[in-house]
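Report on one structure; see the data block that follows.
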Amino acid sequence: MGLSQLIKVAALLASACLTNASLQIVPGATWTSPNTHAHIQAHGAGVIEVDGTYYLIGEDKTNGSNFQHVNCYSSTDLVQWDYVGPLLSLQSSGDLGPNRVVERPKVIYNSKTKKYVLYMHIDSSSYGEAKVGVATGDSVCETYQYHGSWQPLGYQSRDIGLFQDDDGSAYLLTEDRANGLRIDSLTDDYLNVSASVYLFSDMEAPAMLKLNGYYFMFASHLTGWSANDNQYSYATSLSGPWSSWRTFATSGSNTYQSQTNYILPFPGNRTVMYMGDRWIASDLVASTYVWLPLTISGTTVSMQDYTSWAPNVRADSWSTAPSANNYYGVNAALSNGAVVVSCSGCYNNKAAGYIGGPSQGTATFSGITSSLSTLSTVQIVYRNGDSTARYANVTVNGVTQLIEFLPASSPGRSVINANLKAGSNNEIVIKTSDGTYGPDIGTLIVPQQ
Ligand SMILES: *[C@@H]1O[C@H](CO)[C@@H](O)[C@H](O)[C@H]1NC(C)=O
Ligand SMILES: *[C@@H]1O[C@H](CO)[C@@H](O)[C@H](O)[C@H]1NC(C)=O
Ligand SMILES: *[C@@H]1O[C@H](CO)[C@@H](O)[C@H](O)[C@H]1NC(C)=O
Ligand SMILES: *[C@@H]1O[C@H](CO)[C@@H](O)[C@H](O)[C@H]1NC(C)=O
């Protein structure tokens with residue numbers, strides 16, 4: 001082997017260390033942010049990448065549909081999302097005041113004005129105003145200045161998206177209920193709409209991708225918070241002609257129970273990620289995220305469902321989930337009042353219950369194996385029959401994280417990203433110490449790669 005080959009091998013090994021196939025996206029699960037200790041609140045979100053860091057900007061639904069914040073989280077791997085702060089927050093009156101609707105925030109950067117430009121749907125609680133609002137920021141993930149709302153070109157505007165073309169021109173994608181889904185060009189400063197470029201028939205939840213010279217518009221049908229089979233259309237020019245709409249997920253799956261919110265290409269455009277919301281209309285704060293890799297071949301787009309998968313955004317690739325071992329709550333060491341309880345849909349219809357509570361019931365899973373010492377996504381299959389979230393402290397090899405468990409009357413999943421050690425003596429302890437009860441624990445799914 002020559003020196004240059006050795007260097008290549010070393011580089012490959014180095015990138016293999018950076019890539020972590022044990023870190024996974026688990027669509028539809030509770031995703032706890034490590035610094036809020038709560039389920040990520042970035043619904044109807046968009047993503048913007050700045051210097052290798054990804055910012056997830058979405059709606060905080062902790063007060064249902066009433067505007068609370070436009071939140072910003074950051075990540076370098078698309079799996080672990082730290083809360084950075086709000087871009088906009090509830091004000092005492094006006095567009096951002098009490099009982100207001102602020103939805104589907106999207107940010108793009110204007111290199112001429114050096115401003116980050118945020119668009120969002122602005123409405124009254126009855127959705128009677130149908131306007132778009134705009135705000136600007138000097139940096140991507142700090143407080144933005146709100147500039148106001150209007151009906152673009154005098155038309156209703158409900159669900160929105162933004163698209164920035166290669167030449168720096170940008171477009172507002174806007175649902176005009178009376179007429180259809182519009183592509184409107186933005187002014188050079190991106191602060192207003194200049195012209196209507198194309199009008200589709202009735203669709204909403206728009207998101208656009210440009211790939212290999214084609215524009216792809218993704219959108220959903222109009223079924224409110226309920227999911228439907230979302231579709232895509234493609235064109236070589238934004239003004240059309242656009243192809244007929246085609247389904248990309250399995251027909252009848254309702255896009256795996258989700259609605260498009262954003263389409264994110266990885267840096268080299270080989271991997272493209274679909275981002276959707278799985279809305280829980282009766283409890284919006286508990287809505288989850290369905291993110292899945294798209295397969296795009298020419299103008300054909302398809303998407304399979306995965307319980308989990310591993311993105312590698314730096315390498316512009318992804319892989320299916322690594323093999324995993326299951327560890328069952330019924331086989332854990334239960335102490336301090338934790339006992340086996342019935343759990344419909346769990347392994348053997350049983351789970352470890354009475355976790356926490358006054359006696360601090362504890363489930364200890366010992367002898368957990370991993371073939372590598374690596375940061376890993378462990379899935380916790382649980383039940384929480386309450387109408388509000390439960391929490392538990394999950395300690396992996398001595399390091400504790402407070403994890404949220406959304407209401408789940410049939411088994412749900414929550415994830416923890418934690419360091420496993422190579423070998424068979426990893427230990428995971430689940431308990432609470434604040435007197436509340438944690439969820440019933442059915443299974444821990446631990447990657448083995
Ligand atoms: C929830 O929303 C209502 C209406 O916007 C507002 O009056 C109330 O203060 C909000 N609650 C919190 C905790 O912010
Ligand atoms: C946008 O432009 C229209 C005219 O094209 C104008 O009436 C409107 O006030 C502008 N809106 C804002 C927010 O500047
Ligand atoms: C990915 O596609 C976009 C849209 O055409 C383009 O702006 C960008 O340069 C492409 N990136 C690479 C690495 O080819
Ligand atoms: C988790 O642990 C922290 C630190 O000991 C404690 O303050 C908190 O109350 C615990 N939360 C639960 C739900 O047990």
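Note that ligands are numbered from 1 as they come in the structure, with each ligand's atoms numbered from 1 the same way.
Listed by chain and number, residues touching ligand 3 at under 4.0 Å (heavy atoms only) are Asp166, Lys210, Pro267, Gly268, Asn269.
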Please list, one pair per line, the donor and acceptor atoms closer than 3.5 Å that link side chains of residues 42-49 to other protein atoms, with sequence neighbours excluded.
| residue | atom | partner | partner atom | Å |
| --- | --- | --- | --- | --- |
| His43 | ND1 | Tyr289 | OH | 3.2 |
| His43 | NE2 | Gln41 | OE1 | 2.9 |
| His43 | NE2 | Tyr289 | OH | 3.3 |
| Glu49 | OE2 | Gly52 | N | 2.6 |

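Between the CG atom in Asn63 and the CZ atom in Phe67 there is a gap of 11.0 Å [rounded to 0.5 Å]. Here Arg177 contributes atom CZ and Asp159 contributes atom CG; the two are 7.5 Å apart, rounded to the nearest 0.5 Å.
For ligand 4, the atoms closer than 4.0 angstrom to any heavy atom of Ser433 are 10 (C), 12 (C), 14 (O). Within ligand 4, counting atoms from 1 as listed, the ones closer than 4.0 Å to a heavy atom of Leu402 are 11 (N), 13 (C). The atoms of ligand 4 that sit less than 4.0 Å from any heavy atom of Asp434 are 9 (O), 12 (C), 13 (C), 14 (O).
Taking the six-membered ring where the residue is Trp, Phe200 and Tyr198 present perpendicular rings, their angle passing 60° and hence far from 30°.
Ligand 4 has a nitrogen or oxygen under 3.5 angstrom from a nitrogen or oxygen of Asn393. Between Arg100 and ligand 1, no pair of N/O atoms sits closer than 3.5 Å.
In terms of heavy-atom proximity, Asp316 sits nearest to Arg270 at OD2-N, 2.8 Å. When all heavy atoms of Ile183 and Leu238 are compared, the pair lying nearest together is CD1-O, 3.8 Å. Taking both residues in full, the closest heavy atoms of Asn192 and Tyr119 are given as N-OH, 3.4 Å, listed atom of the first, atom of the second, then distance.
Remark: Asp95 pairs with Arg100, Ile122, Lys131, Tyr146, Ser149 by the side-chain contact (heavy atoms from CB on, under 4.5 Å) rule, at least two apart or across chains. Under the ring pair (Phe, Tyr, Trp, His ring centres under 6.0 Å) criterion, Trp291 pairs with Trp31, Trp81, sequence neighbours left out.
When non-hydrogen atoms are compared, ligand 1 lies under 4.0 Å from the side chain of Asn63 (C-beta onward) but not from its backbone.
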